[in-house]
Structures are given as structure tokens and as C-alpha cells.
Amino acid sequence: MNNLHSDFSHLAPAVEHVAALSNEDRLRRIRSDRWIGYTRARSALQRMEDLFSWPNKQRMPNLLIIGPTNNGKSMIVEKFRRDHFVAPAAEGGDREYIPVVVVQTPSEPSVARFYSGLLAGIGAPIRRQARVAELEQLALQLLKAVKARILIIDELHNVLAGKTDARREFLNLLRFIGNELRIPIVGVGTRDAYLAIRSDDQLENRFEPVPLPAWEEGDELLSLLASFSTVFPLKRPSFIATTEMSRHVLSRTEGTIGEIAKLLTAAAVAAVESGEEAINQRTLSLAEYQSPNERRRAFERMLL
């Protein structure tokens with residue numbers, strides 16, 4: 001029993017001390033967001049790092065990160081933004097320095113809503129009923145003032161939600177911003193984002209796709225599960241990096257990292273609350289988790 005309370009060598013060094021805390025503190029840590037650096041995520045981050053340091057030229061390279069919903073795209077974006085956050089004081093004055101600017105594509109793609117979201121993202125005041133031309137000039141001026149070095153446009157698949165004219169206008173906007181600012185653009189979205197970019201020959205040539213497919217059986221998934229097993233502050237080892245466990249996890253999560261994290265987090269919570277102190281078949285069965293398919297069926301039953 002002494003090992004249960006003192007030997008936490010199965011955990012990552014940064015987590016070992018957490019395993020000795022109270023259940024309440026450990027549950028708080030288990031439920032918090034965490035970064036798991038798997039191969040495709042590290043590769044996408046490196047590609048973004050390459051763009052971040054790209055020398056200024058007339059035609060800058062762009063990326064298009066594509067993957068299913070809930071498959072880690074936003075976590076990659078947030079990790080990149082955190083890595084390049086610079087406090088305002090670092091510039092030695094009142095002017096804020098924002099090297100990485102992130103904006104979300106509006107659900108109804110329009111140039112005015114995009115510029116308004118962009119200005120809100122960098123904390124700029126927006127005059128009511130401002131014309132598109134005013135919003136455009138203000139956005140371009142401020143992006144230059146904050147020394148933006150890369151622009152990340154999330155939810156780019158929303159472009160396809162607009163009518164033909166609105167889609168064309170929005171795609172023209174992407175070309176214009178890239179040409180005007182001469183900074184790289186990273187588009188992020190589902191397969192529909194790729195279809196939107198493909199509809200414009202010039203943009204298709206400018207955006208290099210970086211796919212983040214759903215997870216499948218294999219060494220990469222086993223490595224991911226092994227990483228998860230070391231970051232939850234449980235007092236016993238979780239032997240989940242096995243073929244049997246990986247198949248179980250895939251069958252319940254449909255292979256997206258967001259669902260995998262949700263299932264394993266719920267199992268880790270059950271491990272603490274039950275005293276099992278490890279993720280195993282028992283705690284996976286105790287986990288308060290519904291698979292995407294189970295949630296869909298429950299919703300469909302409500303509609304009947």
C-alpha cells in the first residue's frame with residue numbers, strides 16, 4: 001500500500017506532486033485543459049513556426065489545417081498563440097504587440113462581419129454602422145500597428161454557408177488581405193474549408209493543406225494513449241496503451257482527439273471517485289460519458 005501513496009513514477013514529472021494532493025485538487029487538475037503533443041500536432045505547429053519566421057515577400061505562403069470537428073485544430077491554434085504571446089510592456093510603451101492574430105469566420109460569411117470580428121479580436125473599438133471601407137482600413141492599419149506576423153482564420157468552412165456572391169466576396173477578401181499585409185494566413189476548418197478554397201484557383205495555389213484525419217489503430221494511437229496515462233494524477237498506473245484498449249476507445253469516440261480526451265477524462269474522474277486510481281475497463285464503464293452516436297440517438301428520441 002505504501003507504493004499507492006508515494007511512488008508516482010508512472011506519471012510525468014510535472015504531475016507527480018499533484019498525485020499527492022487531495023481528491024478535490026486532483027479532480028480540478030484532471031478536468032482542466034491540457035496539451036498532448038502528438039506527431040501530427042507537432043508537425044502542424046512546426047509548419048506554422050516556419051511561416052511565422054518567413055521573410056517578407058510579395059506572395060507569402062499560406063496553410064490550410066483541415067480535420068473533422070473536435071479533432072484538435074483549435075487546441076493547436078491556441079497552443080501556437082500562447083507560445084507567441086507578448087505582453088504589452090515588452091514593447092516598452094503603451095502600444096500592444098500581437099504577433100499572432102486569430103479571428104473566426106462568421107457563421108454567415110460577410111466582409112463587414114469578418115472585419116468587425118477581426119477588430120474585436122485585437123481589442124479595437126468599433127463605431128456603430130461603420131461602412132465596410134472604414135472597417136477595412138481600420139483593420140489593416142491596426143494589424144500593421146500591432147505588428148501582426150501571422151493571421152489565423154478559424155472555422156473557415158463557414159464560407160460555404162453563404163450565398164454564391166457572398167462566398168466569392170469573402171474569398172476575394174482573403175486574397176486582398178494576404179496581398180495588402182504580406183503576412184502568412186492559416187485557414188482552419190473541416191473538409192468544407194478545403195472545398196471553399198478549391199473553388200478559387202488562385203487561393204488553391206496559395207494554401208497548402210495540412211490534414212488532421214481521424215485517429216485509427218496503430219502505433220500513433222498507442223503513443224497518444226500512453227501520453228494521456230501519464231498526465232492524469234492517478235495513484236496507480238493506467239495500462240491503456242494496448243491494442244485492446246485502443247479498439248475500445250476508438251469504438252466509443254469515433255476517433256477524434258476531443259472525444260478521446262473527454263472519455264479518458266471522465267474515466268480518470270471515475271478512478272478518483274471510486275478509489276480505483278487507474279483508468280481501466282472498470283473505470284471506463286463507470287465514466288459519465290456518452291459517445292457521439294449515443295448523443296445523436298438520445299437527441300433523436302427527444303424529437304419523437
Side-chain angles (χ1 to χ4, degrees), residues 44 48 51-52 58-67 69 73-78 80-81 84-85 96-210:
M48 294 165 74
L51 292 191
F52 187 78
Q58 185 171 3
R59 184 166 171 170
M60 299 295 285
N62 302 318
L63 290 180
L64 183 61
I65 300 176
I66 313 162
T69 299
K73 302 183 297 296
S74 294
M75 288 290 286
I76 291 171
V77 169
E78 185 56 30
F80 186 78
R81 174 158 58 178
H84 292 281
F85 174 76
E96 193 169 8
Y97 177 37
I98 310 176
V100 177
V101 175
V102 181
V103 62
Q104 184 169 304
T105 308
S107 55
E108 287 281 339
S110 76
V111 172
R113 289 186 65 187
F114 176 82
Y115 279 130
S116 295
L118 184 56
L119 289 167
I122 57 179
I126 305 171
R127 187 175 66 81
R128 285 188 177 184
Q129 299 179 333
R131 293 176 299 176
V132 171
E134 294 177 88
L135 293 172
E136 178 181 273
Q137 289 306 308
L138 180 59
L140 293 175
Q141 289 172 9
L142 290 178
L143 285 172
K144 292 174 182 177
V146 300
K147 299 182 180 179
R149 294 179 59 181
I150 192 166
L151 174 63
I152 301 175
I153 305 177
D154 204 357
E155 306 290 337
L156 192 58
H157 47 265
N158 285 344
V159 172
L160 289 188
K163 296 179 181 179
T164 302
D165 289 346
R167 289 202 303 266
R168 187 179 301 113
E169 187 178 23
F170 198 90
L171 294 174
N172 288 338
L173 163 70
L174 296 183
R175 276 201 308 273
F176 171 74
I177 288 179
N179 292 337
E180 186 71 17
L181 295 175
R182 294 190 181 182
I183 62 173
I185 297 174
V186 177
V188 182
T190 64
R191 176 177 174 271
D192 283 349
Y194 178 62
L195 296 179
I197 294 298
R198 265 189 59 183
S199 67
D200 186 294
D201 291 340
Q202 292 186 46
L203 286 178
E204 184 179 13
N205 290 331
R206 296 188 187 192
F207 282 84
E208 180 183 354
V210 177

> So I150 and V100, side chain to side chain contact (heavy atoms under 4.5 Å, CB included) or not? Walk me through it.
Replying inline: CA-CA 5 Å; I150 192 166; V100 177; 3.7 Å; yes

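- Residue I98 holds its CD1 atom at 6.0 Å from CD1 of I122, rounded to the nearest 0.5 Å.
- When all heavy atoms are compared, the tightest approach of I126 to S116 is CD1-O, 3.3 Å.
- For P184 against P61, the heavy-atom pair with the smallest separation is CB-O, 3.3 Å.
- Side-chain contact between R113 and S107: present, with at least one pair of heavy atoms (C-beta onward) separated by less than 4.5 Å.
- Looking at H157, its side chain does come within 3.5 Å of a backbone N or O of T190 through a donor-acceptor pair.
- Distance check, rounded to the nearest 0.5 Å: CD of E180 to CZ of R175 gives 14.0 Å.
- One distance of note links CG of L119 with CG of L135; it measures 6.0 Å at 0.5 Å rounding.
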> Would F114 and I177 satisfy side chain to side chain contact (heavy atoms under 4.5 Å, CB included), going step by step from the backbone distance to the final call?
Replying inline: CA-CA 12 Å; F114 176 82; I177 288 179; 3.6 Å; yes

> Would S110 and E169 satisfy side chain to side chain contact (heavy atoms under 4.5 Å, CB included), going step by step from the backbone distance to the final call?
Replying inline: CA-CA 8 Å; S110 76; E169 187 178 23; over 6 Å; no

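- Remark: F207 CZ to I66 CD1 distance equals 11.0 Å, nearest 0.5 Å.
- The aromatic rings of H84 and F52 sit tilted relative to each other, their planes meeting at an angle between 30° and 60°.
- At least one donor-acceptor pair closer than 3.5 Å links the side chain of K73 to the backbone N or O of G67.
- Distance check, rounded to the nearest 0.5 Å: CZ of R59 to CZ of R206 gives 5.0 Å.
- Between L143 and I183 the shortest side-chain heavy-atom distance does not fall below 4.5 Å.
- Side-chain contact between L174 and N62 is absent, with no heavy atoms from C-beta onward closer than 4.5 Å.
- Heavy atoms from other residues, nucleotides or ligands lying under 6.0 Å from CZ of R198 number 12 at most.
- Once rounded to the nearest 0.5 Å, the distance linking CD1 of I197 with CG of L171 reads 6.0 Å.
- Side chains of V210 and M48 form no contact here, defined as non-hydrogen atoms less than 4.5 Å apart.
- Of all heavy-atom pairs between V101 and A148, the closest is CG2-CB, 3.8 Å.
- Considering only heavy atoms from C-beta on, Y115 comes within 4.5 Å of L173 through its side chain.
- What you find for L195 and L160 is that their closest heavy atoms are CB-CD1, 4.1 Å.
- In this structure a side-chain-to-backbone donor-acceptor pair under 3.5 Å is missing from D200 to A196.
- Under a 3.5 Å cut-off, the side chain of R167 and the backbone N or O of G162 do form a donor-acceptor pair.
- Considering V188, N158, D154 as possible partners of T105, the one that fulfils the side-chain contact (heavy atoms from CB on, under 4.5 Å) test is N158.
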>> Set out, in order, the CA-CA distance, both residues' side-chain angles and the distance that settles side chain to side chain contact (heavy atoms under 4.5 Å, CB included) for Y97 and R149, then state yes or no.
In response: CA-CA 10 Å; Y97 177 37; R149 294 179 59 181; 3.7 Å; yes

